[in-house]
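Please read the structure below before turning to the comments.
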Amino acid sequence: MPEFDLKGRTAFVTGASSGLGRHFAKVLAGAGAAVAISARRVDKLQEVRAEIEQHGGRCTAVALDVTDEARIAPALDEAEAALGPIDILVNNAGMNVPGPSLDLAVADFDRIIATDLRAPFLLAREMGRRMIARKQRGRIVNIASIGSFRVLPGMTAYCIAKAGVAMMTQCLAREWVRYDITVNAICPGYIETELNDTWFNSEKGKEQIKSFTRRRLQQPEDLDGLLLLLASDASRAITGSVLTADDAQSL
Ligand code: NDP
């Protein structure tokens, strides 16, 4: 289906040095998009870039700490200088400090909100400004979580941030629908990445996996269809949608 083809598109993916972001960058490149990958660990980004280029893709790596608002516009400038105007943003960078709320340091609460909520807003806003100024169709895909709409034990600040991302998705979608910019969110279930691998390799983590509806962790590939839908022309009438793809974990 040509509508899913991303040839001629340019994507910017945050948090592409590991886990889901790394996977998303490769999926977008595989569908034909030029991909700017960003994160703090530039050595890891260079590995991803090499992999994408080996498969014939176009890629550039940009150092960006998403909590540093002064770096956001220059990072997008760098990406656009290398690959051309960005028309797909994947707001994926995220982190968590697990534990009970009573023990959560204020600095950790602030870091979670800054990374998981404030940063995606600032990135979306800067991208929105550029897309509107260029009268360009745009796709913004926010990586939320099943924690956007249900309690994940020991992850209160993270759930607060992800609930905010879900609402932000709807608010920005409404503001920008007239500019042909769609804003949607994907809510994955638990997938083993650097974010949680210590936990899921612990005895308690393994017990938690047995409590999931399908008794297993989700795989990154489970998100590919939704990512390509939301990044491509095929989703032109889908905006403000917060879509769950969680291997039935939240049922
Ligand atoms: P990882 O820890 O593997 O990846 C997180 C990515 O975010 C890394 O590339 C990291 O790069 C980047 N990152 C973290 N902080 C910053 C920062 N301040 N500035 C720039 N980049 C940053 O975790 P996942 O792949 O699992 O997480 C990706 C997204 O998916 C997150 O938003 C997460 O909340 C969401 N998610 C994950 C689920 C899961 O079960 N894994 C389930 C639901 C949602 P670097 O350290 O190099 O900067």
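Residue numbers count from 1 along this sequence. None of these values were measured; they are calculated from a predicted model.
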### Task
Could you grab the distance from atom CG of L117 to atom CD1 of I160, nearest 0.5 Å is fine?
10.0 Å

#### Entry: Short N-O contact, R9 and D233, less than 4.0 angstrom
yes

### Query
Would a distance-only check, ignoring hydrogens and angles, find a side-chain to backbone donor-acceptor pair under 3.5 Å from Q249 to I146?
no

### Query
Ignoring hydrogens and geometry, is there a side-chain-to-backbone donor-acceptor pair from Q170 to A166 under 3.5 Å?
yes

### Task
Indicate yes or no for a side-chain donor-acceptor contact from R22 to the backbone of G19 under 3.5 Å, with no hydrogens or angles considered.
no

### Query
Does a donor on one side chain sit under 3.5 Å from an acceptor on the other, for T67 and D65?
yes

### Message
Using side-chain heavy atoms (C-beta onward) and a distance below 4.5 Å, is P120 in contact with M168?
### Response
yes

### Task
Could you please spell out the steps behind the side chain to side chain contact (heavy atoms under 4.5 Å, CB included) verdict for S250 and F149?
CA-CA 9 Å; S250 59; F149 53 84; 4.1 Å; yes

### Query
Between the side chains of S235 and T182, is a donor N or O closer than 3.5 angstrom to an acceptor N or O?
no

### Residues K210, E207: salt bridge by 4.0 Å N-O rule
yes

### Task
Answer yes or no: is there an ion pair linking E69 with R125, defined by an N-O contact shorter than 4.0 Å?
no

### Message
Parallel, tilted or perpendicular, judged at 30° and 60°: which one describes the rings of F212 and Y190?
### Response
parallel

### Task
Determine yes or no for a side-chain-to-main-chain donor-acceptor pair under 3.5 angstrom, with Q218 supplying the side chain and G189 the backbone.
yes

### Message
With no hydrogens and no angle check, just 3.5 Å: does a side-chain donor-acceptor pair link E192 and N201?
### Response
yes

### Message
Could you report the tightest heavy-atom contact between L104 and A157, atom names first, then the distance?
### Response
CD2-CB, 3.8 Å

### Query
Do L195 and L20 belong together in a cluster built from hydrophobic side chains that touch within less than 4.5 Å?
no

### Message
Side chains of Q54 and I52, heavy atoms from C-beta outward: is any pair under 4.5 Å?
### Response
no

### Task
Check step by step if side chain to side chain contact (heavy atoms under 4.5 Å, CB included) holds for W199 and K204.
CA-CA 7 Å; W199 167 251; K204 283 186 171 174; 3.4 Å; yes

### Query
How would you list, by chain and number, every residue that makes a ring pair (Phe, Tyr, Trp, His ring centres under 6.0 Å) with F12, sequence neighbours excluded?
none

### Task
To the nearest 0.5 Å, tell me how far I37 CD1 sits from Q46 CD.
7.0 Å

#### Entry: Test item: I88 and V90 side chains (from C-beta on) under 4.5 Å apart, heavy atoms
yes

### Query
Hey, is D77 close enough to R130 for a salt bridge, meaning N to O under 4.0 Å?
yes

### Task
Walk me through it: do M95 and Y158 pass the test side chain to side chain contact (heavy atoms under 4.5 Å, CB included)?
CA-CA 8 Å; M95 52 83 61; Y158 180 85; over 6 Å; no

#### Entry: Side-chain heavy atoms of P220 within contact of F24, under 4.5 Å
no

### Query
Roughly how far, to the nearest 0.5 Å, is the OH atom of Y179 from the NZ atom of K135?
9.5 Å

### Message
Main chain of A11, side chain of D87: is a donor-acceptor contact present, judged purely on distance under 3.5 Å?
### Response
no

### Query
Can you check whether A29's main-chain N or O pairs, donor with acceptor, with R58's side chain at less than 3.5 Å?
no

### Non-hydrogen side-chain atoms of L217 and I191 separated by less than 4.5 Å
no

### Query
Are R41 and E47 close enough, and set up right, to give a salt bridge (charged side-chain N to carboxylate O under 4.0 Å, His left out), and what steps lead you there?
CA-CA 11 Å; R41 288 171 296 172; E47 291 170 19; over 6 Å; no

### Query
Are I186 and I140 co-members of a hydrophobic cluster defined by side-chain heavy atoms under 4.5 Å apart?
no

### Task
Please answer: with hydrophobic residues joined when any side-chain heavy atoms are less than 4.5 Å apart, are L123 and I143 in the same cluster?
no

### same_hphob_cluster(I181, L243) at 4.5 Å side-chain heavy-atom cutoff
no

### Task
In plain terms, say whether K7 and D5 are close enough for a salt bridge, that is, a side-chain N and a carboxylate O under 4.0 Å apart.
yes

### Task
For S232 and L229, indicate whether the former's side chain and the latter's backbone hold a donor-acceptor pair under 3.5 Å.
yes

### Message
Any side-chain to backbone donor/acceptor pair from T14 onto A93? Under 3.5 Å, distance only.
### Response
yes

### Message
Would you compute the distance between atom CD of E126 and atom CE of M131 and round it to the nearest 0.5 angstrom?
### Response
11.0 Å

### Task
Take D246 and R214, measure what salt bridge (charged side-chain N to carboxylate O under 4.0 Å, His left out) needs, and give me the verdict at the end.
CA-CA 10 Å; D246 70 346; R214 303 183 83 175; over 6 Å; no

### Query
Would you say the side chain of E3 lies within less than 4.5 Å of the side chain of R236, judging by non-hydrogen atoms?
yes

### Non-hydrogen side-chain atoms of L6 and L228 separated by less than 4.5 Å
yes

#### Entry: Side-chain donor or acceptor of S148 paired with backbone N/O of K162 under 3.5 Å
yes

### Query
Distance from M127 atom CE to I132 atom CD1, nearest 0.5 Å?
10.5 Å

### Message
How long is the straight-line distance from CG of L230 back to OG of S241, given to the nearest 0.5 Å?
### Response
8.0 Å

### Task
For T239 and V183, indicate whether the former's side chain and the latter's backbone hold a donor-acceptor pair under 3.5 Å.
yes

### Query
Mind checking whether V35 and V48 sit in one hydrophobic cluster, side chains of I, L, V, M, F, W, Y counted as touching below 4.5 Å?
yes

### Task
For the pair M155 and N96, evaluate side chain to side chain contact (heavy atoms under 4.5 Å, CB included) and give the outcome as yes or no after the intermediate values.
CA-CA 8 Å; M155 298 172 69; N96 184 33; 3.5 Å; yes

### Message
Taking the side chain as everything from C-beta on, heavy atoms only, tell me whether R40 gets closer than 4.5 Å to S17.
### Response
no

